[in-house]
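The structure appears below as structure tokens.
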Amino acid sequence: MKYMNKSIEELHELLKTGKVTSKELIDESLELSHKLQDSCNAFVTILDDASEAKVTDNLLSGIPCGIKDNYSTKGVLSTGSSNTLKDYVPFFDATAYAKLKSAGAVMVNKTVMDEFGMGGTGTTGHTGIVRNPWDKERMCAGSSSGSACAVAAGVYPYATGSDTGDSIRKPAAYCGIVGYKPTYGMISRYGLFPFASSLDHLGVLTRNVADAAIVVDNMKGIDKNDMTSWDSSNIHLRDSLNGNVSGKKLCYIKEICDINNYNNPTEELKLHLENFMKTVQKARELGIKVDEVSVDRTLLNASPSVYVVISCAEATSNMSNLTGIIFGPRDDANNWIDMVKNYRTKGFSPLIKRRFVIGSYVLQSENKERYFRNAQRVRRLLVDKWKELYKEYDAVILPVGSGPAKYLDDDKNMLSSDTDVLEEHLQIGNYGGFPSITIPNGFINNLPVGVNITGNCYDDENVLNIAYALESTLGFKNQIAGGVNNE
């Protein structure tokens, strides 16, 4: 019998009643890990010696999970999917992982990501490309590509992720699962390899909303090691899921969702937006009021550039310690300057180096006002606009991306023009630190697509409950990608 395709609550009940043991779950998860590794390359490390955990009243106890490779895990290789840290073994646990471990969760692998989280394709990790379990010619998106791949394939019910622009929520959409990043600071960032500190969120990928709530309930909490964390002890995500959404109010953005705003739209884009509007109607049938609102297109169009400037600037600063001197594989050289130069030139992928060049350029004194400060100002305008919407609406609901997963071979991708905002609007959730969740929203050409719900800061219970109710009526929860664990 297969167990890993079940939910957390189902597995907990089986463990508590003695119908399965933690060791049996771990053994199955490890077997599936190796199968998926052969076909999709989802893992940096597979922990074949993972030990079973005592089963307690905690819902996570004894259940296997995956940890993204930018979480520090004591005594376990943690590379950030970069050659610069290919042999790095931390001496401490990230707070979020320590909380999972204390709850009885069992890490069975570390998942591949885009190098240091800087990418949206799942193709830049130093161990190679992550393939989508629904169609191996397509990408999982990134940067939480390995986590999304493994959860979608049924290796375990959940894996951790991190999200700086959409790195949990878009992979979730491409892989037909749930991706949730809570309000900024609800989960401590201590022990997460930093990318862009003002944008970085920790979160989780699961196959249903309830599981996402359970995992984050165990990960969240104030942490003395992270001054941006806050006390969320009065927030109980799983207990708040009752499906009662009558009278709630959602809005969607006309400039993003109207097909007439796109020149020469592809058939996939047309189907995606039609599918989204059907979901809007289902939300209305649940008793939710859904309105179309308008946002200045010029402001929306600026969002992708704002993300590039701010994220690259912060990444340049955060990763200045990667020199090959403090840690990482040292390069032979005649002096320390050449050693650092060789380490950073040979160790980083071309994408990372381009981002560092951009970050350094926009932070130069002669460029800072024109680029970095202006990007900060536009970020504030976007956040203020969303805050204005939240005065009237519980959340903003929007389609994720311009359709299903893109081909790994870019020459096969037929993309509509003017879709940058549609592809990148999830970044606004990071600008404002808003709670944001993607859930499965059906299929286009036998490939999954997603819908996203983003609400106001600290309103996570409300956002998740809306997603929970919508998930129940859409009927796509707990789905497993074929070919790995579909029994």
Side-chain angles (χ1 to χ4, degrees), residues 43-45 47 50 53 60 64-82 84-118 125-126 142-147 158-165 167-168 179-205 215-233 311 314-315 317-323 326-328 430 433:
F43 311 114
V44 177
T45 304
L47 302 170
L60 299 184
C65 66
I67 304 296
K68 189 174 178 179
D69 209 37
N70 57 349
Y71 284 60
S72 290
T73 47
K74 183 178 180 180
V76 178
L77 190 68
S78 303
T79 73
S81 284
S82 175
T84 61
L85 293 179
K86 63 185 178 68
D87 300 317
Y88 175 59
V89 178
F91 59 88
F92 72 103
D93 286 325
T95 297
Y97 171 59
K99 283 177 170 286
L100 291 176
K101 193 160 61 171
S102 67
V106 181
M107 174 177 62
V108 294
N109 52 51
K110 298 294 292 288
T111 61
V112 177
M113 53 188 282
D114 280 303
E115 185 176 5
F116 288 124
M118 295 189 215
H126 74 299
S143 64
S144 305
S145 46
S147 291
Y158 71 97
T160 65
S162 61
D163 191 311
T164 307
S167 290
I168 288 173
Y180 167 46
K181 76 161 196 70
T183 297
Y184 183 81
M186 180 183 277
I187 302 175
S188 169
R189 288 181 293 111
Y190 181 72
L192 179 79
F193 298 177
F195 167 9
S197 300
S198 75
L199 304 172
D200 291 344
H201 295 62
L202 283 76
V204 68
L205 298 106
V215 178
V216 173
D217 272 336
N218 281 276
M219 294 173 73
K220 69 183 182 67
I222 195 167
D223 179 13
K224 65 179 182 180
N225 293 314
D226 179 2
M227 67 180 184
T228 64
S229 66
W230 48 276
D231 184 4
S232 57
S233 58
S311 67
E314 293 188 14
S317 175
N318 275 328
M319 297 184 188
S320 61
N321 66 336
L322 295 176
T323 61
I326 305 172
F327 41 67
N430 299 81

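Everything quoted here is computed from the prediction, not taken from an experiment.
Checking Val76, Thr111, Thr79 one by one against Val44, the side chain to side chain contact (heavy atoms under 4.5 Å, CB included) holds for a single residue, Thr79. Partner of Phe195 under the side chain to side chain contact (heavy atoms under 4.5 Å, CB included) criterion, chosen from Ser167, Ser311, Ser162: Ser311.
Residues Ser144 and Leu205 meet the side-chain proximity criterion, which asks for heavy atoms closer than 4.5 Å. Tyr97 places none of its side-chain heavy atoms less than 4.5 Å from the side chain of Thr160. In this structure the side chain of Asp163 never reaches within 4.5 angstrom of the side chain of Leu199, judged on heavy atoms. Proximity of His126 to Ser82: side-chain heavy atoms (C-beta onward) are nowhere separated by under 4.5 Å. Looking at heavy atoms from C-beta onward, Asn318 lies out of side-chain contact with Phe116 at the 4.5 angstrom threshold.
Remark: side-chain polar atoms of Trp230 are not paired, donor with acceptor, to backbone N or O of Ile187 under 3.5 angstrom. A side-chain donor-acceptor contact under 3.5 Å links Ser102 to the backbone of Lys99. The main-chain N or O of Gly191 is found under 3.5 Å from a side-chain atom of Ser72 such that the two form a donor-acceptor pair.
For the pair Ala53 and Gly104, the tightest heavy-atom approach, listed with the atom from each and the gap, is CB-O, 3.3 Å. Looking at every heavy atom in both residues, Tyr71 comes nearest to Gly203 through OH-O, 3.7 Å. Summarising the geometry of Asp226 relative to Arg189, their closest heavy-atom pair is OD2-N, 2.8 Å, with the distance given to 0.1 Å. The minimum heavy-atom distance between Pro194 and Met319, with the atom names listed, is O-CE, 3.2 Å. Looking at every heavy atom in both residues, Leu202 comes nearest to Pro182 through O-CD, 3.1 Å. Contact between Val108 and Ala50 at its shortest, heavy atoms only, is CG1-CB, 4.2 Å.
Side-chain N/O atoms of Ser143 and Lys68 include a donor and acceptor closer than 3.5 Å. Defined by atom type and a distance below 3.5 Å, a donor-acceptor pair is present between the side-chain atoms of Ser78 and Thr73.
Residues passing the side-chain contact (heavy atoms from CB on, under 4.5 Å) test with Ala159 are Ser147, Val151, Tyr156, sequence neighbours excluded. Residues satisfying the side-chain contact (heavy atoms from CB on, under 4.5 Å) criterion with Thr45, sequence neighbours excluded, are Leu47, Leu77, Lys110. Shown here are the side-chain contact (heavy atoms from CB on, under 4.5 Å) partners of Ser198, two or more places apart in sequence or in another chain: Ile310, Glu314, Arg379. Phe193 meets the ring pair (Phe, Tyr, Trp, His ring centres under 6.0 Å) test with no other residue; sequence neighbours excluded.
For the atom pair Asp114 CG and Thr164 OG1, the distance stands at 11.0 Å (nearest 0.5 Å). Here the NE2 atom belonging to His201 is positioned 10.0 Å from the OH atom belonging to Tyr180, to the nearest 0.5 angstrom. One distance of note links CE of Met219 with CG of Leu100; it measures 5.0 Å at 0.5 Å rounding. Summarising the geometry, atom OG belonging to Ser81 is positioned 5.0 Å from atom CG belonging to Asp69; distances are rounded to the nearest 0.5 Å. To the nearest 0.5 Å, the span separating OH on Tyr184 from OG1 on Thr228 amounts to 4.0 Å. In this structure, the separation between CG on Asp231 and CD1 on Ile222 is 5.5 Å, given to the nearest 0.5 Å.
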Q.
Walk me through whether Ile67 and Cys65 qualify under side-chain contact (heavy atoms from CB on, under 4.5 Å).
A. CA-CA 7 Å; Ile67 304 296; Cys65 66; 4.1 Å; yes

Q.
Test side-chain contact (heavy atoms from CB on, under 4.5 Å) on Phe327 and Asn321; report intermediate values, then the result.
A. CA-CA 9 Å; Phe327 41 67; Asn321 66 336; 3.7 Å; yes

Throw together a table of side-chain donor-acceptor distances under 3.5 angstrom for residues 87-95, partners on residues two or more places apart or in other chains.
| from | atom 1 | to | atom 2 | distance (Å) |
| --- | --- | --- | --- | --- |
| Asp93 | OD1 | Lys74 | N | 2.6 |
| Asp93 | OD2 | Lys101 | NZ | 2.5 |
| Thr95 | OG1 | Asp223 | OD2 | 2.7 |

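Identified under the salt bridge (Lys or Arg N to Asp or Glu O under 4.0 Å) test for residues 193-202, with sequence neighbours left out: none.
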